[in-house]
Amino acid sequence: MAQSETRLELNGRSITLIGTAHISKESIDEVTAYIRANDLDCVAIELDEQRLSALSDKERWRKMDIINVLRKRQGFLLLANLVLSGFQRRMGENLGVKPGDEMKAAYEVAVERGIKTAMVDRPIQITLRRAWARNSLWGKCKLLAALLSSAFEKETVDSEQIENLKNRSEMDSMMSELSAYMPKVKEVLIDERDRYLAAHIWNAGGTRVAAVLGAGHLPGVERNLRALAAGEISADTADIAAVPPKTVGAKIAGWVIPALIVALIAAGFYFGGRQKGADMLSAWVLWNGALAALGTLIAAGHPLSVIVAFVGAPITSLCPFVGVGMVAGIVQALVCKPKVADMETLQDDVTSLKGCYRNRILRVLLVFLLSSLGSSIGTFVAGANFIATITAFVKNLFA
């Protein structure tokens with residue numbers, strides 16, 4: 001048995017976990033050889049149905065509607081997904097392997113041999129949204145910084161380094177670093193998915209099962225499978241299969257800042273008179289609008305997108321349902337319509353700063369991201385300034 005294989009005998013079932021490195025030619029060979037050489041009832045694969053379709057459909061990017069993505073408030077999810085896939089794609093360039101090739105190969109060989117297949121991973125959109133939702137503001141900043149740094153990382157890796165990812169010592173070290181740096185992200189990306197994968201492997205059926213997984217999941221999936229066999233945990237994953245709904249406190253918080261801003265401006269009119277109130281209102285428009293427009297400019301947005309960002313930011317910042325990034329991004333997509341060529345080169349362009357500005361889809365996402373960031377900074381700067389101003393008024397009033 002290979003070092004990256006773990007064979008379990010649980011309640012009369014034989015389950016073999018095959019650990020892979022996602023951009024490894026050796027992993028492809030190992031996976032396909034195992035499936036061909038063994039009499040299996042089921043092959044469980046670390047994919048969801050949507051990712052399996054994406055691996056099989058080379059035309060998938062041509063079908064993407066960027067405006068619809070923004071309307072559904074999925075701009076950040078798309079950007080994060082593109083950055084992650086682009087990072088893996090770049091690492092595999094020197095090895096002649098694309099991310100997910102070993103999963104695709106496992107599926108194709110299983111189908112060829114007439115073996116039942118089961119896609120046992122959680123949809124990537126749910127995983128990313130849970131990772132974002134579970135993080136604090138500081139955690140979100142670290143996650144965003146990690147994504148952006150990985151997007152433009154130029155370090156190359158050789159086949160030996162890739163194969164080392166299958167070793168427990170290498171993987172343990174990486175997991176320890178991730179746990180220390182972003183514990184909530186590690187919990188969602190690794191711990192929750194270990195449990196989800198184990199439960200769906202267990203529910204896949206069959207007495208002779210091969211599960212093809214990233215090597216980092218082997219220890220956690222093995223632990224969860226043993227717990228399932230012993231009846232210590234349930235195979236029900238409903239609690240981690242969806243984005244957690246906003247709590248009442250979170251929903252209220254979405255209105256607190258807008259209400260506070262309006263109250264502070266009203267207080268400016270009340271305590272400082274018409275002129276001071278007008279000054280505060282102007283400051284709100286300028287801080288919010290100017291920084292959103294600046295973000296759009298940095299993203300090389302169309303002049304109309306810059307104007308929309310400037311006008312829209314002071315308004316959308318007071319409405320939790322619509323963000324300036326969505327509005328400016330849609331305008332950018334309408335006036336600089338993405339072409340088929342942009343869709344075809346999307347995953348390559350996301351790996352370089354020049355590519356991000358050249359590709360019209362990625363520039364829409366940059367407009368979305370940077371205008372939103374500018375507006376958020378403007379909100380906090382103006383709000384802090386308002387609080388200081390009203391505090392000074394009140395002190396002078398009662399001095």
Side-chain angles (χ1 to χ4, degrees), residues 66-67 70-71 73 75-76 79 137-138 140-141 144-145 147-148 151 253-336 353 356-393:
I66 187 64
I67 293 178
L70 295 177
R71 282 176 176 163
R73 307 178 77 171
F76 177 77
L79 184 59
L137 177 60
W138 176 237
K140 286 181 172 67
C141 291
L144 186 58
L147 285 170
L148 292 176
W255 290 99
V256 167
I257 292 178
L260 180 61
I261 293 297
V262 172
L264 287 171
I265 293 175
F269 279 101
Y270 180 80
F271 289 108
R274 181 180 301 175
Q275 183 59 50
K276 196 62 184 178
D279 289 344
M280 290 178 67
L281 185 60
S282 298
W284 170 253
V285 171
L286 288 174
W287 274 114
N288 223 294
L291 290 180
L294 178 61
T296 308
L297 274 173
I298 294 173
H302 188 277
L304 185 58
S305 300
V306 176
I307 294 171
V308 167
F310 180 83
V311 174
I315 300 169
T316 58
S317 294
L318 300 177
C319 177
F321 303 116
V322 181
V324 68
M326 181 184 76
V327 177
I330 289 175
V331 170
Q332 179 70 26
L334 289 173
V335 295
C336 297
L353 189 60
C356 287
Y357 279 95
R358 179 178 60 241
N359 190 292
R360 292 188 173 202
I361 294 175
L362 292 174
R363 208 182 318 161
V364 168
L365 292 175
L366 281 177
V367 168
F368 158 78
L369 179 66
L370 296 182
S371 62
S372 299
L373 181 61
S375 178
S376 296
I377 294 173
T379 296
F380 284 105
V381 171
N385 181 265
F386 290 173
I387 291 173
T389 300
I390 295 302
T391 300
F393 279 150

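Each residue takes its place number in the sequence, starting with 1. Here the structure is a predicted model, which means the values were calculated and not measured. What's counted below: heavy atoms across the whole structure, side chains too, no hydrogens, waters or symmetry copies.
- With values rounded to the nearest 0.5 angstrom, L369 atom CG is found 11.0 Å from I298 atom CD1.
- The one candidate from L70, V324, L373 that meets the side-chain contact (heavy atoms from CB on, under 4.5 Å) condition with F368 is L70.
- Take I315 and apply the side chain to side chain contact (heavy atoms under 4.5 Å, CB included) test, not counting sequence neighbours, and it matches no residue.
- The two atoms that bring A313 and S317 nearest to each other are O-OG, 2.7 Å, heavy atoms only.
- Partners of R358 by side chain to side chain donor-acceptor pair (under 3.5 Å), not counting sequence neighbours, listed by chain and number: D349.
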Item to complete: List the steps, then state whether side chain to side chain contact (heavy atoms under 4.5 Å, CB included) holds for L366 with C356.
Response: CA-CA 8 Å; L366 281 177; C356 287; 4.1 Å; yes

For residues 262-269, dump all side-chain donor-acceptor pairs below 3.5 Å to protein atoms at least two apart in sequence or in another chain.
none

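- Evaluation of the side chain to side chain donor-acceptor pair (under 3.5 Å) rule for T379 yields N288 as partners, not counting sequence neighbours.
- Side-chain contact between T296 and L370 is absent, with no heavy atoms from C-beta onward closer than 4.5 Å.
- Side chains of H302 and V331 form no contact here, defined as non-hydrogen atoms less than 4.5 Å apart.
- Among residues two or more places apart in sequence or in another chain, the side chain to side chain donor-acceptor pair (under 3.5 Å) test is passed with T316 by none.
- Atom CG of L260 and atom CG of L318 lie 11.0 Å apart (nearest 0.5 Å).
- Applying the side chain to side chain donor-acceptor pair (under 3.5 Å) definition to pairs two or more places apart or across chains, none involves residues 363-373.
- S305 is linked by a side chain to side chain donor-acceptor pair (under 3.5 Å) to Q332, counting only residues two or more places apart in sequence or in another chain.
- The heavy-atom pair separating A333 from I66 by the smallest distance is CB-CG2, 4.0 Å.
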Item to complete: Evaluate side chain to side chain contact (heavy atoms under 4.5 Å, CB included) for L334 paired with I67, printing each intermediate quantity in order.
Response: CA-CA 8 Å; L334 289 173; I67 293 178; 3.5 Å; yes

Just distance, no hydrogens or angles: give the donor-acceptor pairs under 3.5 Å from side chains in residues 278-286, sequence neighbours left out.
{"residue": "D279", "atom": "OD1", "partner": "Q275", "partner atom": "NE2", "Å": "3.0"}
{"residue": "S282", "atom": "OG", "partner": "A278", "partner atom": "O", "Å": "2.9"}
{"residue": "W284", "atom": "NE1", "partner": "P314", "partner atom": "O", "Å": "3.1"}

